[in-house]
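Remarks on the structure that follows.
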Amino acid sequence: MKRSAVYLDYNATAPLLSEVSLAMEPFWHEPSANPSSIHEAGAHAAQTVRQARREAAAFLDAQEESEIVFTSGGTEGNNTVLRSALWTHGGRRRVVTTAVEHSSLLKPAQALQEEGVEVTYLPVTAEGELEKEKLNEALRKDAALVSVMMANNETGVRFPIEEIGKRVQEAGILFHVDAVQAAGKVPVSLRSLPVDFASFSAHKFGGPMGIGVLYVRKGTPFRPLLFGGSQEKGRRAGTENVAGIIGLGAACRKLREILPQMMDRMQRLRDSFEEKVFNAIAGVQINGCRDKRIPNTSNLAFEGVDSETLLILLDQEGIYASAGSACISGASEPSHVLKAMGFSEPRINSSVRFSFGTANTSEEVDRVVEALKRFVGQLRRA
Ligand code: PLP
């Protein structure tokens with residue numbers, strides 16, 4: 001990344017926290033061992049993994065450390081839970097989810113449909129909120145799992161997990177939450193939430209890529225996706241990504257300390273950004289219910305502007321944002337989230353996501369607003 005760049009793409013990935021790279025540093029220089037080896041070096045590696053598990057359990061407020069299963073990230077967690085719930089619920093061949101989940105949940109759900117599983121996609125309102133009566137209708141006994149995200153990666157809109165979880169569990173159905181975009185932006189207390197599974201990804205909160213957590217509440221029936229080793233108490237086979245796990249632990253430790261101030265700071269920056277954009281540019285609308293969003297996300301529609309062109313101009317200016325989710329924007333498909341909210345194609349194609357994080361400043365906000373004013377004017381005149 002250029003030194004002078006303004007990075008407003010934290011929902012795609014959050015740059016590594018300096019405490020995380022410092023914690024990982026020794027791993028690259030000291031001889032490392034397999035945590036399953038019984039010699040002293042192996043025992044040391046296993047101890048490092050235990051320590052990180054403790055940090056993760058504390059950050060996510062899990063009841064027990066054993067509820068933390070290290071995975072390669074959010075995609076693996078989501079895939080694992082879908083398969084696990086169907087396996088452990090024998091006869092049940094139905095899954096309930098929402099139309100606005102991340103592709104790492106929707107694509108495996110579609111693959112299951114090809115295998116004969118019925119999938120119900122709950123609709124959302126124009127504000128991106130869940131249509132709750134539709135949830136009630138979907139909670140029939142034949143469902144093995146309900147999977148709902150805690151916060152949307154494109155709009156930042158939060159779903160009322162506690163309320164949904166209560167209803168799902170009362171109906172005797174397993175409940176999974178994709179909490180990838182919530183962790184590190186709002187407090188997550190798994191102990192007090194009616195949730196059986198939750199997926200997390202370290203690179204969304206200042207840890208390294210390729211490591212995550214799948215939370216499995218104690219006593220929940222579970223079957224692994226990967227077999228072949230007894231790591232993670234037999235719940236996820238494969239030699240542990242020790243460097244990644246160290247980094248994840250360090251990110252959890254740091255966030256426990258700074259999250260309250262960070263949330264405040266992100267919200268002030270995001271809100272002042274939106275206010276300044278509205279004052280400087282006409283014809284801008286927020287996508288997603290304003291007051292129900294995580295504090296760092298701003299998805300804006302710039303009437304009459306092609307978002308791809310706007311993103312290229314911003315990129316040339318050293319300002320990094322994105323349209324929809326990174327995985328989808330690579331394929332240049334219109335956002336399925338904004339589509340599910342019922343927006344017209346022109347509105348979808350004029351929308352840009354700005355996502356803030358720890359390193360952003362108010363000077364950067366001013367620079368971005370000034371650039372947006374210039375480029376939006378230019379594109380509207382063209
Ligand atoms: N779930 C959500 C809501 C996401 O935003 C993402 C990544 O963008 C994922 C899951 C996938 O996480 P990972 O990149 O760790 O596979």
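Order of appearance sets the numbers: ligands from 1, and atoms from 1 within every ligand.
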inquiry  = If we set the cut-off at 4.0 Å for heavy atoms, which region of Met149 has an atom near ligand 1: side chain, backbone, both, or neither?
reply    = side chain
ask   = Do the side chains of Leu214 and Leu225 join up, straight or via other hydrophobic residues, at under 4.5 Å, putting them in one cluster?
value = no
ask   = Do ligand 1 and Gly74 have nitrogen or oxygen atoms that lie under 3.5 Å from each other?
value = yes
ask   = Taking both backbone and side-chain atoms of His102, is any N or O found less than 3.5 Å from an N or O belonging to ligand 1?
value = yes
key: Matching residue for Asp142 among Arg93, Arg94, Arg92 - test: side-chain hydrogen bond (donor to acceptor under 3.5 Å, both in side chains)   = Arg94
inquiry  = Under the side-chain hydrogen bond (donor to acceptor under 3.5 Å, both in side chains) test against Ser298, which residue among Glu274, Arg270, Arg353 passes?
reply    = Glu274
Close-contact set for ligand 1 against [X] heavy atoms, below 4.0 Å:
X	value
Gln181	3 (C), 4 (C), 5 (O)
Gly73	15 (O)
Ser201	13 (P), 15 (O)
Asn153	3 (C), 5 (O)

inquiry  = Between the side chains of Glu19 and Arg253, is the shortest nitrogen-to-carboxylate-oxygen separation below 4.0 Å, so that they form an ion pair?
reply    = no
query = If every non-hydrogen atom of Ala251 is compared with every non-hydrogen atom of Leu17, which pair is closest and at what distance?
reply = CA-CD1, 4.3 Å
ask   = How are the rings of Phe205 and Phe59 set relative to one another: parallel (under 30°), tilted (30 to 60°) or perpendicular (over 60°)?
value = tilted
request  = Quick one: sort the Phe222 and Phe197 rings into parallel, tilted or perpendicular, breaks at 30° and 60°.
outcome  = tilted
request  = Return yes when Ser104 approaches ligand 1 closer than 4.0 angstrom through a heavy atom, no otherwise.
outcome  = yes
request  = Give the single entry among Val100, Thr75, Thr13 that approaches atom 11 (C) of ligand 1 most closely by any heavy atom.
outcome  = Thr75
ask   = Given His203, Glu101, Met209, Glu154, which one has a non-hydrogen atom that is nearest to atom 14 (O) of ligand 1?
value = His203
